[in-house]
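Sequential numbering from 1 along the given sequence is applied to the chain's residues.
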Amino acid sequence: MEIYNEQSVSETNSEEKDLLEQFENSKEIDFNGKLFKVIDIAPKELKTKIPTLMIPGFSATPEALKDAILRIAEKGRRVISAEAPHGID
């Protein structure tokens, strides 16, 4: 299994590049006065309308799950991941 990184991006097809670009262009959401990062990746052809949620554990970020997130999206699943640092209730 290939891990997504800057070097492999140049060798990937256009759909993989699109998914990686979506990962890199996260949004910030204000929740009760605190900002946190949300990644929402939607492949062009979805297998289902139900998204897969991938929330990293305590003190982790979506970057820790990057390869898994991108691999799931490659299979036609929309993936949503959020950085929810300790302290967001």
Determine, step by step, whether K66 and E24 satisfy the salt bridge (Lys or Arg N to Asp or Glu O under 4.0 Å) criterion, reporting the C-alpha distance in whole Å, the side-chain angles of both residues, the deciding distance to 0.1 Å, and the verdict.
CA-CA 10 Å; K66 182 178 182 177; E24 300 298 334; 2.9 Å; yes

Evaluation steps, side-chain contact (heavy atoms from CB on, under 4.5 Å), between I41 and L70
CA-CA 8 Å; I41 298 176; L70 293 169; 3.9 Å; yes

Could you walk me through whether L20 and E16 pass side-chain contact (heavy atoms from CB on, under 4.5 Å), step by step?
CA-CA 6 Å; L20 183 59; E16 288 173 332; over 6 Å; no

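Evaluation of the side-chain contact (heavy atoms from CB on, under 4.5 Å) rule for L65 yields M54, P56, I69 as partners, not counting sequence neighbours.
Sorted by first and then second residue, the side chain to side chain donor-acceptor pair (under 3.5 Å) pairs with a member in residues 38-47 read D40-R78; sequence neighbours excluded.
In plain terms, the two heavy atoms of P62 and I39 that are nearest each other are CB-CD1, 3.4 Å. Taking every heavy atom of both residues into account, P43 and R77 meet most closely at CD-O, 3.4 Å. Nearest approach of A73 to V79, heavy atoms of both residues: N-CG2, 3.9 Å. Across all their heavy atoms, F36 and E83 have their closest contact at CB-O, 3.1 Å.
In this structure the side chain of L19 reaches within 4.5 angstrom of the side chain of E74, judged on heavy atoms. Residues T52 and I80 fail the side-chain proximity criterion, which asks for heavy atoms closer than 4.5 Å.
A salt bridge is defined here as a Lys NZ or Arg NE, NH1 or NH2 lying under 4.0 Å from an Asp or Glu carboxylate O, and D67 with R71 meets this definition.
Grouping the Ile, Leu, Val, Met, Phe, Trp and Tyr side chains by contacts below 4.5 angstrom, directly or via other members, places F31 with L53.
N25 contributes a side-chain N or O that, together with a main-chain N or O of E21, makes up a donor-acceptor pair within less than 3.5 Å.
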